[in-house]
K.L.:
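Structure provided below as structure tokens; questions to follow.
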Amino acid sequence: MRLEGKKAIVTGGAGGIGRATSLAFAAEGASVAVVDLNADAAQAVADEIRAAGGTAVAIAADVSSEPDIERVVATAQQELGGIDVVFNNAGIIRRTTAVETSVEEWDRVFGVNVRAIFLMCKHVVPIMAAAGGGSIVNTGSGWGLKGGGQAISYCASKGAVVNMTRALAIDHGPQGIRVNSVNPGDVDTGMLRDEARQLGQDQAGFLAEAAERPLNRMGQPSEIAAAVVWLASDDSSYVTGSALVVDGGGIA
Ligand code: NAI
């Protein structure tokens, strides 16, 4: 029970990695606020946690909106009794080059992938600081470290996540708040299938290509969740500002 008594917010908590991490947090003893744009799916994850004997609340929200973030933080604080851990994980991808990307799409990707993390930290850091500290984990991507093709807004946004994480760690370390990014390779979630659709590619072929890496398979959401549990817990008490890569060896 590495998160016994901790209160945690998970954004994108209804999706592949977010759901797995919400369940893993709860299994380690944390109370969890499952935040997602998809209200029904967030409720289903909270119900799953409660059915297993844990404590969870579902909060429907668009994390790119400041009023929504303020409501999420207030609700989590009220329902859980504090906030010790935040997993800023909601994300979207658009598989387009610079030439193909509209300003609206660029802004949407940055709104969800970058602004949301800034907003969450803006509102949650004072609460953590007043309580003596906390752990924030942000989902970057292998493509935020090395880049990738036909995903200009996504690669730029995830690069921003990695460096914003370092800046947050510098600013708030003295307040006892650790901030790290987890950077997955290809993980078997709805996002990968959506990418195949966006690129007009055969799904099976796309997934087979995603599995081409030293460990010879895609990652599972639970394998990212395991890394996030470690970063969230006191087991990583001297780790901050780091970019942890969890990718089956896919990033050279
Ligand atoms: P997913 O599509 O299964 O889950 C994403 C979740 O975020 C969904 O439940 C969605 O409803 C939610 N969401 C989207 N926009 C939102 C918004 N504005 N407000 C609140 N919730 C919102 O995708 P997956 O794979 O679980 O992705 C989670 C994170 O992992 C993302 O940040 C993604 O960029 C990152 N990632 C995923 C990789 C993969 O191969 N699946 C690889 C590297 C990074």
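As a basis for the values below, the full set of heavy atoms in this structure was taken, side chains included, without hydrogen atoms, waters or symmetry mates. Just follow the structure's listing: the first ligand is 1, and inside any ligand the first atom is 1. Please read all numbers here as calculations on a predicted model, not as lab measurements.
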K.L.:
Heavy atoms only, cut-off 4.0 Å: how does Pro221 contact ligand 1, side chain, backbone, both, or neither?
P.N.:
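Answer for Pro221: neither.
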K.L.:
Can you tell me if Gly140 contacts ligand 1 (heavy atom of the residue under 4.0 Å from the ligand)?
P.N.:
yes
K.L.:
Could you see which bit of Met218 sits under 4.0 Å from ligand 1, with heavy atoms only: side chain, backbone, both or neither?
P.N.:
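Met218 to ligand 1: no contact under 4.0 Å from either part.
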K.L.:
Is Glu28 reaching over with its side chain to a backbone N or O of Ser233, donor-acceptor style, under 3.5 angstrom?
P.N.:
no
K.L.:
Starting from atom 5 (C) of ligand 1, locate the nearest protein heavy atom and write down its residue, its atom name and how far away it is, to 0.1 Å.
P.N.:
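I find the closest protein heavy atom is Gly91 O, 4.1 Å.
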K.L.:
One thing to verify: whether Asp62 and Arg108 come together as a salt bridge, which I'm taking to mean a side-chain N less than 4.0 angstrom from a carboxylate O.
P.N.:
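Salt bridge: yes.
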K.L.:
Under 4.0 angstrom from ligand 1, any heavy atom of Arg19?
P.N.:
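Not so, Arg19 does not reach ligand 1.
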K.L.:
In terms of residue, atom name and distance, what is the protein heavy atom nearest to atom 28 (C) of ligand 1?
P.N.:
Asn89 OD1, 3.3 Å
K.L.:
Any salt bridge linking Arg193 with Asp188? Criterion: basic side-chain nitrogen under 4.0 Å from a carboxylate oxygen.
P.N.:
yes
K.L.:
Measure from the side-chain N and O atoms of Asn180 to the backbone N and O of Val239, and report whether any donor-acceptor pair falls under 3.5 Å.
P.N.:
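Pair found, side chain donor or acceptor close to backbone of Val239.
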K.L.:
For atom 4 (O) of ligand 1, what is the closest protein heavy atom, and at what distance to 0.1 Å?
P.N.:
Gly15 CA, 3.3 Å
K.L.:
Answer yes or no: does an N/O atom from Gly12 fall short of 3.5 Å to an N/O atom of ligand 1?
P.N.:
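In this structure, Gly12 places no N or O atom under 3.5 Å from an N or O of ligand 1.
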K.L.:
Testing Asn183, Thr165, Thr11, Asn89 for side chain to side chain donor-acceptor pair (under 3.5 Å) with Asn138, which one passes?
P.N.:
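Only one option passes, and that is Thr165.
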K.L.:
Could you tell me whether some N/O pair between Gly16 and ligand 1 is separated by less than 3.5 angstrom?
P.N.:
yes
K.L.:
Just by modelled atom types, is the Asp247 backbone N or O under 3.5 Å from a matching donor or acceptor in the Arg213 side chain?
P.N.:
yes
K.L.:
Check Arg108 against ligand 1 and report side chain, backbone, both or neither, counting heavy atoms closer than 4.0 Å.
P.N.:
side chain
K.L.:
One residue to check: Val112. Relative to ligand 1, which of side chain, backbone, both or neither has a non-hydrogen atom less than 4.0 Å away?
P.N.:
side chain
K.L.:
N/O to N/O below 3.5 Å, does that happen between Leu37 and ligand 1?
P.N.:
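Yes, there is a polar N/O contact under 3.5 Å.
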K.L.:
Quick one: look up the protein heavy atom nearest atom 11 (O) of ligand 1 and list residue, atom name and how far away it is.
P.N.:
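Protein heavy atom with the smallest distance to atom 11 (O) of ligand 1: Asp36 OD1, 2.6 Å.
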K.L.:
Are the side chain of Arg178 and the backbone of Ser236 linked by a donor-acceptor contact shorter than 3.5 Å?
P.N.:
yes
K.L.:
Can you tell which part of Trp143 has a heavy atom less than 4.0 Å from ligand 1: side chain, backbone, both or neither?
P.N.:
neither
K.L.:
Between Thr189 and ligand 1, which residue portion shows a heavy-atom distance shorter than 4.0 Å: side chain, backbone, both, or neither?
P.N.:
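For Thr189, the contact with ligand 1 is made by the side chain alone.
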K.L.:
Judged by atom type as modelled, is there a donor-acceptor pair below 3.5 Å linking the side chain of Asn113 to the main-chain atoms of Ile92?
P.N.:
yes
K.L.:
Looking at ligand 1, is there an atom of it that comes within less than 4.0 Å of some heavy atom belonging to Gly111?
P.N.:
no
K.L.:
Is a side-chain N or O of Ser181 found less than 3.5 angstrom from the main chain of Thr139, in a donor-acceptor match?
P.N.:
no
K.L.:
Taking Arg95 for its side chain and Gly149 for its backbone only, find out whether a donor-acceptor pair lies under 3.5 Å.
P.N.:
yes
K.L.:
Considering only non-hydrogen protein atoms, determine which one is nearest to atom 14 (C) of ligand 1 and report residue, atom name and distance to 0.1 Å.
P.N.:
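Sorting protein heavy atoms by distance from atom 14 (C) of ligand 1 puts Ile92 CG2, 3.9 Å first.
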K.L.:
Please check if the side chain of Arg50 supplies one atom and the backbone of Ala56 the other of a donor-acceptor pair under 3.5 Å.
P.N.:
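Side chain of Arg50 to backbone of Ala56, a donor-acceptor pair under 3.5 Å: yes, one is there.
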K.L.:
So, regarding Ser141 and ligand 1 (criterion: nitrogen or oxygen to nitrogen or oxygen, under 3.5 Å), is there a contact or not?
P.N.:
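No, Ser141 has no N/O under 3.5 Å of an N/O on ligand 1.
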K.L.:
Ignoring angles and geometry beyond distance, decide whether Lys158 reaches within less than 3.5 Å of ligand 1 through its nitrogen or oxygen atoms.
P.N.:
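So ligand 1 has an N or O lying under 3.5 Å from an N or O of Lys158.
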